[in-house]
Visitor: 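This is the structure I have questions about; it appears just below.
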Amino acid sequence: MPELPEVETIARGLAKRVSGEVIESIWLGEKPEPLKSPAPEIAAALESTRILTVRRIGKHIVFDLVRNNLVRNNNNSNNVERAPSPAKRRKSKATPKDPTPRPAESQFIVHLGMTGRLQVCDPESEILKHTHAILKLASGRELRFVDPRRFGRLSVAPTGDFAAAGIEPLEADLDRFTPLFRNRKTPIKSALLNQKLLRGVGNIYADESLFRAGIRPRRRASTITRDQLAKLFTSVQEVLREAISLGGSSISDYVDADGEEGFFQLQHRVYGREAQPCLVCKTPIKRIVIAGRSSHYCPNCQK
DNA sequence: ACTATTTCCTGGATGC
DNA sequence: TGCATCCAGGAAATAG
């Protein structure tokens, strides 16, 4: 289940692999699709664009795109950008290459949901079951979206239209973190998972952060003291940074940007450790359900 | 304006 | 062995 650290890892991997690539054509699977807009609209918006960068916003992977203004040959060879002929170059004066980097015009936004994966692979490689989208790239490779459980989402929007709510936990400071929980009666666990408040934290890292901060997941957000919130903020950042530095962690079906299996796993201290001894005090870890999500904590270490 | 609950979806695990 | 049932989870939709 990709949360912020996994998405960050995947986005970095993709940035390395597909920045500068041109999307030549798009195949989208049968509906119902994990698409936010109609398939033809998405396909049209992606076709003949160049990927400038790939980055993470919350749990979203965002591809920054520009229209690919190709110098096309009339006798129609490949869509290869070619240097202007010497004659043309003389005409077009002293602009050998565009010195001003163009701002992104649109964005391709991918949410992996639970089981979504993005692979960069050769066209010959086997098309996995549950492949919902294939983008053919000018290099000959393909970018594929595979998602068995179909919680993932794909969308395209003009730059500026996509504005994720909430603050980035690794960019915020305590002064922006603390007010998120003021006057909230909801359990702190639910607040941490609320992407409109804080973006990127999912079930696993919420549990791990609360354990490190010594706060029970059911504690009402508004009842947590300033000091405890400060501790929680530090814990959230710590957990996320550790996981990123490990390259992202996962329990089940996680694949990195290369489509390679076999990642390492962050040492979870409470998540998935029901009934096992707390690593600090040996008290058995408890599992409860909050808002339909399993939540793990140490009844002794967390108050 | 909040908060809580339900819904979507399928593979893997469990139980009889 | 085979079949049914349950469970996992993010976020949108719905209900309170």
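Labels below follow one simple rule: chain letters A, B, ... track the order of the sequence lines, proteins then strands, and each chain is numbered from 1.
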Visitor: Please tabulate, one pair per line, each protein N/O and nucleotide N/O from nucleotides 2-5 of chain B that are separated by under 3.5 Å, including the distance.
Guide:
residue: B:dT3; atom: OP1; partner: A:Lys185; partner atom: N; Å: 2.8
residue: B:dT3; atom: OP2; partner: A:Arg184; partner atom: NH1; Å: 2.7
residue: B:dA4; atom: OP1; partner: A:Arg220; partner atom: NH1; Å: 3.2
residue: B:dA4; atom: OP2; partner: A:Thr186; partner atom: OG1; Å: 2.8

Visitor: Nearest whole Å is fine: how far is C:dA11 C1' from A:Ile57 CD1?
Guide: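 It is 17 Å, rounded to the nearest whole Å.
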Visitor: Under a 3.5 Å distance rule, please check whether A:Arg220 uses its side chain to pair with a backbone N or O of A:Lys185 as donor and acceptor.
Guide: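 Yes, because the side chain of A:Arg220 sits within donor-acceptor range (under 3.5 Å) of the backbone of A:Lys185.
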Visitor: Output the rounded distance in Å from CG (A:Leu192) to P (C:dG10).
Guide: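 Between P of C:dG10 and CG of A:Leu192: 12 Å.
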Visitor: Quick one: which of C:dG10, C:dA12, B:dG11 gets closest to the side chain of A:Lys59?
Guide: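 Side chain of A:Lys59 sits closest to C:dG10.
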Visitor: What is the separation between atom NE2 on A:His60 and atom P on C:dG10, rounded to the nearest whole Å?
Guide: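 Roughly 13 Å, once rounded to whole Å.
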Visitor: Taking A:Glu208 for its side chain and A:Val270 for its backbone only, find out whether a donor-acceptor pair lies under 3.5 Å.
Guide: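 The answer is yes, because a donor-acceptor pair under 3.5 Å joins these two groups.
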Visitor: According to the ring pair (Phe, Tyr, Trp, His ring centres under 6.0 Å) rule, which pairs have a member within residues 171-196 of chain A, sequence neighbours left out?
Guide: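 Residue pairs passing ring pair (Phe, Tyr, Trp, His ring centres under 6.0 Å), neighbours aside: A:Phe177-A:Phe181, A:Phe177-A:Phe233.
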Visitor: Please state how far atom NE2 in A:His111 lies from atom C1' in C:dA11, giving the value in whole angstrom units.
Guide: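 To the nearest whole Å, that distance equals 7 Å.
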Visitor: Let me know the distance between NZ of A:Lys196 and C1' of B:dA1, rounded to the nearest Å.
Guide: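 Going from NZ in A:Lys196 over to C1' in B:dA1 covers 13 Å.
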Visitor: Output a table of nitrogen or oxygen pairs between the protein and nucleotides 4-8 of chain C separated by less than 3.5 Å.
Guide:
residue: C:dA8; atom: OP1; partner: A:Arg287; partner atom: NH1; Å: 3.0
residue: C:dA8; atom: N3; partner: A:Arg149; partner atom: NH1; Å: 2.9

Visitor: Which word best sums up how the rings of A:Phe63 and A:Phe108 line up, parallel for under 30°, tilted for 30 to 60°, or perpendicular for over 60°?
Guide: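 A:Phe63 vs A:Phe108 ring planes: tilted.
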Visitor: Assert yes or no for the condition that the ring centre distance of A:His111 to A:Phe151 is strictly below 6.0 Å.
Guide: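 Not under 6.0 Å, so no.
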Visitor: How would you list, by chain and number, every residue that makes a side chain to side chain donor-acceptor pair (under 3.5 Å) with A:Thr53, sequence neighbours excluded?
Guide: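 A:Thr53 satisfies side chain to side chain donor-acceptor pair (under 3.5 Å) with A:Asp64 once adjacent residues are dropped.
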Visitor: Whether A:His130 contacts B:dC9 is assessed here as follows: a side-chain N or O lying under 4.0 Å from the phosphate OP1 or OP2. Is that the case?
Guide: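 Looking at the OP1 and OP2 atoms of B:dC9, neither is under 4.0 Å from any side-chain N or O of A:His130.
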Visitor: Round to the nearest Å and state the distance from A:Lys129 atom NZ to B:dG12 atom P.
Guide: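 Roughly 9 Å, once rounded to whole Å.
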Visitor: Starting from the first five and the last five pairs of the helix from B:dC2-C:dG16 to B:dC16-C:dG2, work out the angle between the resulting helix axes, to 10 degrees.
Guide: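 Rounded value for the end-axis angle: 50°.
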Visitor: Rounded to whole Å, please give me the gap between CG in A:Leu112 and C1' in C:dA11.
Guide: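 Computing the A:Leu112:CG to C:dA11:C1' distance gives 14 Å.
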Visitor: Measure the distance from CZ on A:Arg153 to C1' on C:dG10 and round it to the nearest whole Å.
Guide: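 That distance rounds to 10 Å.
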Visitor: Short question: side chain of A:Thr131, backbone of A:Ile127 - any donor-acceptor pair under 3.5 Å?
Guide: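 No, because the side chain of A:Thr131 does not come within donor-acceptor range (under 3.5 Å) of the backbone of A:Ile127.
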Visitor: Between the side chains of A:Lys189 and A:Asn203, is a donor N or O closer than 3.5 angstrom to an acceptor N or O?
Guide: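 Short answer, yes.
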Visitor: Looking only at atom types and distance, does a side-chain atom of A:Gln302 sit under 3.5 Å from a main-chain N or O of A:Ile215, one as donor and one as acceptor?
Guide: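 Looks like yes, one N/O pair under 3.5 Å.
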Visitor: Only counting residues at least two apart or in another chain, list the ones meeting side chain to side chain contact (heavy atoms under 4.5 Å, CB included) with A:Asp122.
Guide: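 Expected list: A:Glu124, A:Arg141.
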Visitor: Does the ring of A:Phe151 meet both stacking tests against the six-membered base ring of C:dA11: centre distance under 5.5 Å and plane angle under 30°?
Guide: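 No; centroid distance or tilt outside limits.
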